[in-house]
Amino acid sequence: MVATGPILTEMWIEDATDDLSTVLYGRQPFEVNVEAQVPYRFWVVDDDTSTTTEVPVGRAEFGTASLSPDGRSVVFSSNDAALQVGPTSVNCMRGHGPWRPDTFHMCGELYLFDLDTGTTRQLTGLDGSSEYNHLSPTFTEDGTAIEFRATSGRDQQPTADQRRRLDLATGEVGEASPLPACCRWIRGTRAIEWDGATGTVTSQETTTGDVTTLWTDDLGFSLVTDVDDGRFL
């Protein structure tokens with residue numbers, strides 16, 4: 001699949017089912033008029049039905065989305081208060097947006113969008129915006145729960161990210177298992193490691209401790225993605 005867009009527009013593949021029959025992609029246009037900008041929009045392309053469906057994230061200033069394992073639902077985070085079904089604006093993180101002299105409120109809640117029915121169900125903040133922001137939601141492998149990041153809420157400095165898990169059947173939220181440490185992979189007798197602070201990839205021979213630098217550059221790089229076994233970065 002090839003995605004194209006106008007100049008100053010970023011398009012990316014966000015998620016896909018294992019067989020690639022359903023793909024979730026995003027688009028972020030650039031607008032000088034910040035009030036007119038809708039940075040985060042997502043669509044689901046279903047190859048089996050030849051349909052494209054936009055995910056109703058609202059006018060979110062930030063947000064992410066993820067497909068369910070069966071490709072029939074999308075979980076997304078959005079800070080558009082118009083999507084909330086209950087009271088809002090009681091526990092929001094504050095900050096400055098680009099080119100904005102004023103502050104804005106970031107109340108990131110989680111929502112579940114059903115592709116078959118076209119309905120959206122709010123998962124968090126049902127009694128008012130939550131005490132923390134819900135970010136980067138993903139489905140568990142069995143599709144029964146959502147794992148996400150949580151950061152501080154109203155008038156607080158952001159804390160270290162907390163991993164939490166929301167059970168879709170009960171709505172209960174608990175602690176989630178931490179993500180694997182980034183970014184080190186063991187391959188035989190060698191340990192491949194990425195150092196984000198220096199933009200360096202090294203290979204250490206674990207039997208001798210000898211370290212070989214595979215890549216480094218002082219311009220500064222970030223790790224965009226990796227394969228599970230650490231063969232490619």
For Thr22, the option from Asp70, Val44, Thr49 that meets side chain to side chain contact (heavy atoms under 4.5 Å, CB included): Val44

Of Asp195, Thr216, Thr213, the residue whose pairing with Thr200 passes side-chain hydrogen bond (donor to acceptor under 3.5 Å, both in side chains): Thr216

Side chains of [X] and [Y] in contact at under 4.5 Å (non-hydrogen atoms):
X	Y	answer
Val45	Thr52	yes
Leu135	Thr64	no
Arg72	Asp46	yes
Leu83	Gln122	no
Glu175	Arg165	no

[X] and [Y]: which non-hydrogen atoms are nearest, and at how many Å?
X	Y	answer
Pro69	Phe139	CD-CB, 3.8 Å
Ser77	Leu110	CB-CD2, 3.8 Å
Leu115	Ser73	CD1-N, 4.1 Å
Ala65	Val74	CB-CG1, 3.9 Å

Does [X] use its side chain to pair, donor to acceptor, with the backbone of [Y] at less than 3.5 Å?
X	Y	result
Ser68	Gly143	no
Ser203	Thr212	no
Ser136	Arg149	no
Thr124	Glu109	no
Thr206	Thr189	yes

Candidate pair Trp185 and Arg190, rule side-chain contact (heavy atoms from CB on, under 4.5 Å), full reasoning: CA-CA 8 Å; Trp185 304 266; Arg190 289 190 173 273; over 6 Å; no

Distance-only donor-acceptor check, side chains [X] and [Y], under 3.5 Å:
X	Y	answer
Thr17	Asp19	yes
Glu14	Ser66	no
Thr202	Glu193	no

Single-linkage hydrophobic cluster, 4.5 Å side-chain cutoff, [X] and [Y] together:
X	Y	answer
Ile13	Trp43	yes
Val211	Trp194	no
Ile192	Trp215	yes

Mutual orientation of the aromatic rings belonging to Phe148 and His134 [parallel < 30°, tilted 30-60°, perpendicular > 60°]: tilted

Straight-line distance of Tyr111 OH to Arg121 CZ, nearest 0.5 Å: 13.0 Å

Interatomic distance, Asp15 atom CG to Leu67 atom CG [nearest 0.5 angstrom]: 5.0 Å

side-chain contact (heavy atoms from CB on, under 4.5 Å) between Leu168 and Val75, intermediate numbers included: CA-CA 11 Å; Leu168 289 175; Val75 61; over 6 Å; no

CG (Asp142) with more than 12 external heavy atoms under 6.0 Å: yes

Worked check of side-chain contact (heavy atoms from CB on, under 4.5 Å) between Arg184 and Gln204: CA-CA 10 Å; Arg184 183 179 174 90; Gln204 181 183 39; 3.6 Å; yes

